Amino acid sequence: MLRGVAEVRVLLVRRPGGTVEARELDDGGTVTRVPAGELPALVRERETAHPRWVWDDTTRWYPGLLAAGLRVERCTDLRLGHALLRRSPRVDQATLTGPDTAGWDALEPVGAADPALFDLDDPADRLDPAAEQERQRAALGTVDQRARLGLLLAAESAGALVAAEMTHAGMPWRADVHDRLLTDLLGPRPAAGRRPEGLEQVLTAVRQAFGAPALNPDSPTELLPCLRAAGLEVTDTRSWTLEQLDHPGITPLLQYKKLARLLQANGWAWLDTWVAEGRFRPTWLPGGVVTGRWASAGGGALSAPVQVRPAAVADDGWRFVVADVAQLEPRVLAGMSRDTAMAEAARAADLYQAMVDTGAVASRSDAKLGMLGAMYGGTRGESGRMVDRLTRRYPQAFGLVEEAARAGERGEVVQTLLGRGSPLPTGSWAAPAAESDDDRPDPRERDQHRRAWGRFTRNFVVQGTGAEWALCWLAVLRNRLWQTGPAGQVTDRPHLVFFLHDEVVVHTPEHLADDVADAVRAAATEAGRLLFGSFPVDFPLDVSVVRSWADAG
DNA sequence: CGTACAGGTCTA
DNA sequence: TATCTAGACCTGTACG
């Protein structure tokens, strides 16, 4: 599915004078050169043979092809591959070193926000993709168990295709529904620079309750002294803190914070900036987080609030298929540690409940607390006690994260199941040799940093392997959706429109929704097999077919 | 005046 | 008996 047999690879390179070169990599190097304007025609013609397109960076090639109505089946993204190989402890770094290694290290993706970079003076054009492609092949050749790292490279590149396709298609977004939602909560859209009526009313109530006629609750430096003057002994102004208090001003203050947040983060300004022609189009950044999770830019896609999801509505005659994995990371931990006792719990739809049913813990909340403690490094209080108890029950799984934490505290690199390496620590605690007597840090502070880095590496191995599972899920699903038909370009068929760590949203013609739901489940099963082979760990999904994103779950 | 950071709130 | 992982992005405020 991810890697074909008898693969044909075609390298695309931009050349001076607005031309593009297509070089066959596996038949002696036949070269075709065309004006850049003829690239879509070239790709359309060659795509019938299902080649793997090799290019410097998907963000520099694929949006233009998608805009021309094309879709490619597979690619090798050298920028993402370089980043992975450079940090993988499985790779002999000497094989990757070349004259423009630093240039590849520094290469950034381009976004819709800076299209000028493409034409003007793009640092990518000073790099040699053919040479880099050779180096990456050689580097992979030196790796033990190269199938795993090879899978990761293929999946990362497939993710780059998904990311570009999701921005191209966009998330269907009804500005009229969003506006109505805002108007119901805040009042009609005010003139620029004015507070909406609803917010103004709540503000008046807050000011009256605290006897502070000019108070600006958006300013913590004003709000904190005001709360203390009212006899409330608080040291911060977070909602969670305020909820504990008993004072007549608290209710309107919490309401003010909620409405102000909605207005600032997803109000009319957000709509104006990020929604156009009925679509919300964030930029997705595969590999943008060190653990391998995706980052995003533009419109805060990673924190799309539940509150505004009613405005995400499928087109007429279309539906959303929304799917998320229940308890992804504990399942991934069971699989990567090959902990059979935890895998047994992971065969149930509710892993935490299964831990109760097998007598490992007394309650579901204990199970959850213990698992989160293991993955995040909770050692104190209730969480720490649960970790101790569960370590005896699941020694393989808990031992794996514990070892990752110890390695991090020693300043070592840890890696995910498929071989993504953690960054090296930069703090002074990690460089004992450089420690001079002058600015030697406080030993207690140094230990705090060391333990904090241990929590990071502990979480890295699980979060990162979870991201690999999700990447495989996406890659397999992308192919299955394309085959679900009907004929046409990406947006004519069922296609991905949203992805958030362990959740996907597919936009599909209504009559194909059940087929899509099957494809989403089949892809999850396939992802589990790709990562864990025959080791028995399940990845049950919650799948909903809905008109609005808000109705899922 | 513009930039950098702190505090806060949303997501998994 | 907290406050432990990874992000984006808003406003207010301090700094240069």
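All of these numbers come straight from a predicted model, not from anything done at the bench. Chain letters run A, B, ... following the sequence lines, proteins first, then strands; residues in each count from 1.
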Problem set entry | DNA chain B: 5'-most and 3'-most nucleotides touching chain A, 4.0 angstrom heavy-atom criterion |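 Contacts span B:dG8 to B:dA12, reading 5' to 3'.
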
For this session: Identify, between A:H501 and A:R238, the residue whose nearest nucleotide on DNA chain C lies closer to the 5' end.
Result: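 Of the two residues, A:R238 wins.
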
Exercise. Heavy-atom count around A:E197 CD within 6.0 Å, excluding the residue itself: above 12?
Worked result: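 Not buried by this count: 12 neighbours or fewer within 6.0 Å.
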
Exercise. Quick check: are there more than 12 heavy atoms from other residues, nucleotides or ligands sitting under 6.0 Å from CD of A:E277?
Worked result: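 Not buried by this count: 12 neighbours or fewer within 6.0 Å.
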
Within this structure, what is the [atom1]-to-[atom2] distance between [X] and [N], rounded to whole angstrom?
X	N	atom1	atom2	answer
A:L372	C:dT3	CG	P	11 Å
A:Q244	C:dA2	CD	P	11 Å
A:Y376	C:dT5	OH	P	9 Å

Problem set entry | nucleotides 7-16 of chain C: protein proximity per nucleotide (B base, S sugar-phosphate only, - neither; heavy atom, under 4.0 Å) | BSSSSSS---

Name the nucleic acid region contacted by [X], choosing base, sugar-phosphate or nothing; use a 4.0 angstrom heavy-atom cut-off, strictly under.
X	result
A:R293	base
A:V462	nothing
A:R451	nothing
A:F456	sugar-phosphate
A:T237	sugar-phosphate

For this session: For the residue pair A:T59 and A:D57, confirm or rule out a side-chain donor-acceptor distance under 3.5 Å.
Result: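 The criterion, which ignores hydrogens and geometry beyond distance, is satisfied for A:D57 and A:T59.
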
Exercise. Can you tell me if A:R90 and A:Q415 form a side-chain donor-acceptor pair at under 3.5 Å?
Worked result: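 Checked: A:R90/A:Q415 side chains pair up, N/O donor to acceptor below 3.5 Å.
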
Exercise. How are the rings of A:F498 and A:W549 set to each other: parallel, tilted or perpendicular (split at 30° and 60°)?
Worked result: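 Aromatic pair A:F498/A:W549 classed tilted.
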
Problem set entry | Parallel, tilted or perpendicular, as decided by the 30° and 60° cut-offs, for the rings of A:H82 and A:W104 |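 Geometry flag for A:H82 against A:W104: tilted rings.
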
For this session: In plain terms, say whether A:E526 and A:R480 are close enough for a salt bridge, that is, a side-chain N and a carboxylate O under 4.0 Å apart.
Result: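 No.
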
Problem set entry | Closest heavy-atom pair and its distance - A:P395, A:D339 |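 Nearest pair, atom of A:P395 first, then A:D339: N-OD2, 3.8 Å.
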
For residues 223-238 of chain A, tabulate all N or O donor-acceptor pairs below 3.5 Å that involve a side-chain atom, not counting sequence neighbours.
| from | atom 1 | to | atom 2 | distance (Å) |
| --- | --- | --- | --- | --- |
| A:R228 | NH1 | A:V234 | O | 2.5 |
| A:D236 | OD1 | A:R238 | N | 3.0 |
| A:D236 | OD1 | A:T241 | OG1 | 2.7 |

